[in-house]
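Reading through the C-alpha cells given below for one structure.
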Amino acid sequence: MTTSAPTARLGRADGREPVVLHGIGVAPGIVIARALVFDHQEVPFFRIPLLRQEVKPEVARLEKAAELTKNQLEVVKARTVDALGEDHGYIVDAQILMLDDPLLIGRVEQVIREQRVNAEWAVKVTLEELASVFDRIQDNYFRARRGDIFDVAGRLVRNIAGAPNRSLGKLEKDYILLSENVRPSDTAQLDWEHTAGLAMEVGSRTYHTAIIARSLGIPCVVGVRGLMKKVDHGAPLILDGSEGIIVLNPDRATLREYRAKRRREKVVGQKLEHLRDLPAETTDGFKIVLQANIEYPEECAAAEKNGAQGIGLFRSEWFLTRTRGAFPSEEEQYVVYRRLAERMKPWSVIVRAFDLSAEQLGDSASESEPNPALGLRAVRLLLRHRTLFKEQLRALWRARVHGNIKVMFPMVSGVGEFRDAMSVVEEAKQELRRDGLEFAGELPCGVTLEVPSAAAIADLLAKEAAFFSIGTNDLIQYLLGVDRGNDRVSYLYEPLHPAVLRTLRFVIDSAHEGGIKVGMCGEMAADPLLIALLVGFGLDELSMNAVSIPTVKNLIRRLSASEARAITEEALRLATVKEVSAFLGEELRKLTPAKH
Ligand code: PEP
Ligand code: MG
C-alpha cells in the first residue's frame with residue numbers, strides 16, 4: 001500500500017492518435033487545453049518492529065505528526081474559505097475532526113502499542129480496516145467519503161515520514177487538470193483561476209471535489225477509468241463536462257467540431273444568463289416551477305445563481321457525513337433547516353426525511369439483509385426508529401416558522417405506511433406543544449413517489465398527502481426490475497419505457513384530481529429530450545441539479561403547453577422505447593434547430 005504527495009508535470013505529446021474516454025459529466029461545459037497531470041508521488045509503507053521502550057517515542061512521533069497535519073489543514077481551511085467562501089470551510093473541518101476521531105488516530109496509536117510497529121505501518125493497518133468497512137457500504141455517497149479519510153491519512157503519513165508536501169502553486173496558463181484523484185484537501189492548494197477543466201479516475205457526483213468544481217463553474221468529468229494510463233503530460237485535450245467525454249490528442253476535425261459546439265454553448269449560456277429571473281413559462285402561459293436538488297446546504301449558492309425557485313429535494317442524509325456518522329441532534333438539524341428556509345424564502349424547501357439503509361444506520365437487522373434496496377430502509381426504517389424520526393420532524397416543524405419548509409417521506413409503499421408516518425408527525429407536534437417550543441401551524445408532508453405500489457394507488461395517496469414528488473431514479477428501477485447501479489443490466493434502465501410513461505400519467509393525473517401539486521426530482525427531470533413530454537404531462541415542478549436549470553428553462557420557454565400535451569399523447573401511444581425516443585428526438589430538433 002502506498003500513499004502520496006501531489007506533483008505536477010508538463011510536457012508535449014505530438015503526433016498521437018486521438019483517444020476518446022468516457023466518464024460521468026458532473027459539471028457542464030467544453031474546454032480545449034493542454035493536460036496538466038496532477039500526479040501522486042508514492043511514499044511506500046514499511047514495517048519496523050519496535051522494542052518495548054521505543055513504543056512511547058513512536059506514539060509521540062504520531063502525535064507530533066497529527067498536530068502538524070492539523071495545523072496544515074487549518075491553513076488549507078483558511079485558503080478554502082478565502083477562495084470559495086465561508087460555506088466551503090466545513091469540508092476541511094470534517095478532515096480536521098477526523099484527526100481527533102478515535103477511529104483514526106486512536107486506532108493508529110492502539111496498533112503501535114499492541115503490535116509494536118512504527119507509526120507509518122500502524123496507519124496502513126488502520127486504513128485497511130477502514131477500507132473494508134467503506135467497501136461494504138453500498139451507498140455511493142458514503143463510499144465517496146472514503147476519499148476524505150484516505151486524504152487525511154496520506155497527509156498524516158507524509159508528516160510522520162517528514163516528506164515535504166508539494167502543491168501546484170500558481171500556474172502560468174489555463175490547463176485541464178487530470179488526476180487519479182484530486183482529493184478534497186488538495187482543492188485548496190490548486191490555482192482554480194487557471195484550472196479550465198478537471199478530470200479524475202475516481203469520484204461521483206457527490207464527491208466533494210466534484211461539488212466544488214460545479215459550484216466554481218469548472219467543467220468536470222469524473223469516473224474516467226484508465227485516464228492516467230492513457231494521458232501524456234501536456235497532451236492536447238478536449239473535455240466535455242456535459243457529455244462526460246475526454247478526447248486525448250484530438251485531430252483537426254474533432255477540434256473544429258468541439259470549437260463549434262463550444263461557441264454554440266457560449267451563445268446559449270449568455271442567452272440563458274439573461275433568463276435567470278424570468279419564469280419557466282410556455283409560449284401559451286403555462287408555468288412550471290424549476291427547483292434545485294441539493295446534497296449539501298452549501299449548494300444553495302449554485303441554486304440561486306441558476307435561478308432555482310426553491311429546493312425540490314434536500315437529501316438530508318448529508319448530516320451523517322457532517323457529523324461523522326453520528327446522528328445530528330434536533331438542535332443541529334433545526335439550525336440547518338432554518339437557514340435553508342430563510343435563505344430560499346419565499347420559495348419552498350422540500351427536505352426528504354432520512355433516506356437510509358439499515359446498514360447506514362447501524363441497525364443490527366442489516367447483517368441479514370440480502371437485498372438492501374428492497375429491505376429495511378427509508379420510511380420503513382424511520383418507523384422502526386421513531387425517536388430519530390421524531391427529532392427530525394420536530395426540527396422541521398420548528399424551522400417552518402422561518403420559511404416554507406416541507407417534508408417528504410421516501411419509499412412510501414402504501415396509504416397505511418403514510419398514515420403511520422403521519423402519526424409520528426402528529427406526535428412530534430404534541431411534544432413541541434408540551435415542551436413550549438415555537439412551531440408552525442402546519443407542516444406539509446408529501447410522498448417521494450418511487451415505489452410502484454404507491455404509484456398504483458396514487459389516487460388514494462393523493463387524498464392524504466400534501467404533495468407528490470416523483471423519484472424516478474428509484475421508480476424506474478423498481479418498476480422495470482432493473483438495479484440502477486448495475487452495469488450489466490443498465491441497458492434495460494429505460495426512462496422512456498411505456499410502462500414508466502403510463503405510470504407517470506396515472507400518478508400526475510391522480511395528484512391533480514386529488515387537488516395536490518406534483519413534481520419530479522429524479523434525473524429524468526433534467527433531460528432535454530424529455531422536457532416536452534414532462535410539460536405535456538402537466539407536472540407542476542421539476543427539480544434537478546442547479547446547473548441544468550437554465551437549459552431546461554430555455555426549452556420550456558420555447559414550447560407551447562398545448563403542443564407539449566399533443567407530444568405526450570402521441571408518446572403514450574407508442575409501443576417501444578426506441579419509438580418513443582426517436583419521436584421525442586425529432587420533436588426536440590424542431591425546438592432547437594442545429595446552428596453551424
Ligand atoms: C429518486 O429516487 O429519484 C431520487 C430523487 O432520489 P435518490 O436518487 O436519492 O434515490
Ligand atoms: Mg430514491
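Note that ligands are numbered from 1 as they come in the structure, with each ligand's atoms numbered from 1 the same way.
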Are Glu541 and Lys517 within salt-bridge range, i.e. N to O under 4.0 Å?
no
Short question: side chain of Arg558, backbone of Leu591 - any donor-acceptor pair under 3.5 Å?
yes
Is the shortest side-chain N to carboxylate O distance from Glu427 to Lys390 below 4.0 Å?
yes
The Mg ion (ligand 2) - closest N/O/S atom in Asp474
OD2
Tell me which protein heavy atom sits closest to atom 8 (O) of ligand 1, plus the residue, atom name and distance to 0.1 Å.
Arg484 NH2, 2.7 Å
Out of Arg400, Lys406, Lys429, which one pairs with Glu442 under the side-chain hydrogen bond (donor to acceptor under 3.5 Å, both in side chains) rule?
Arg400
Below 2.8 Å, any N, O or S contact between Asp355 and the Mg ion (ligand 2)?
no
Among non-hydrogen protein atoms, atom 6 (O) of ligand 1 lies closest to Arg352 NH1, 2.9 Å
Polar-atom distance check: Glu450 versus ligand 1, any N or O pair below 3.5 Å?
yes
Of all N, O or S atoms in Glu450, identify the one at the shortest distance from the Mg ion (ligand 2).
OE1
Mark up the atoms of ligand 1 that fall under 4.0 Å of a heavy atom belonging to Asp474, in ascending order.
1 (C), 2 (O), 3 (O), 10 (O)
Give a yes or no on whether the ring-centroid distance for Phe389 and Phe409 is below 6.0 angstrom.
yes
Within reach of ligand 1, part of Glu523 (heavy-atom separation under 4.0 Å)
neither
Any ion pair linking Arg565 and Glu569 (charged N to carboxylate O, less than 4.0 Å)?
no
Return the residue, atom name and 0.1 Å-rounded distance of the protein heavy atom closest to atom 1 (C) of ligand 1.
Asn473 CB, 3.4 Å
Taking 4.0 angstrom as the limit, do Lys463 and Glu513 come out as a salt bridge?
no
Salt-bridge test for Arg573 and Glu570: reply yes if a basic N is under 4.0 Å from a carboxylate O, no otherwise.
yes
In terms of atom number and element, which parts of ligand 1 are under 4.0 angstrom from non-hydrogen atoms of Cys521?
5 (C)
Given that the side chain starts at C-beta and the backbone is N, CA, C, O, which of these parts of Leu313 lies under 4.0 Å from ligand 1, counting heavy atoms, or is it both or neither?
side chain
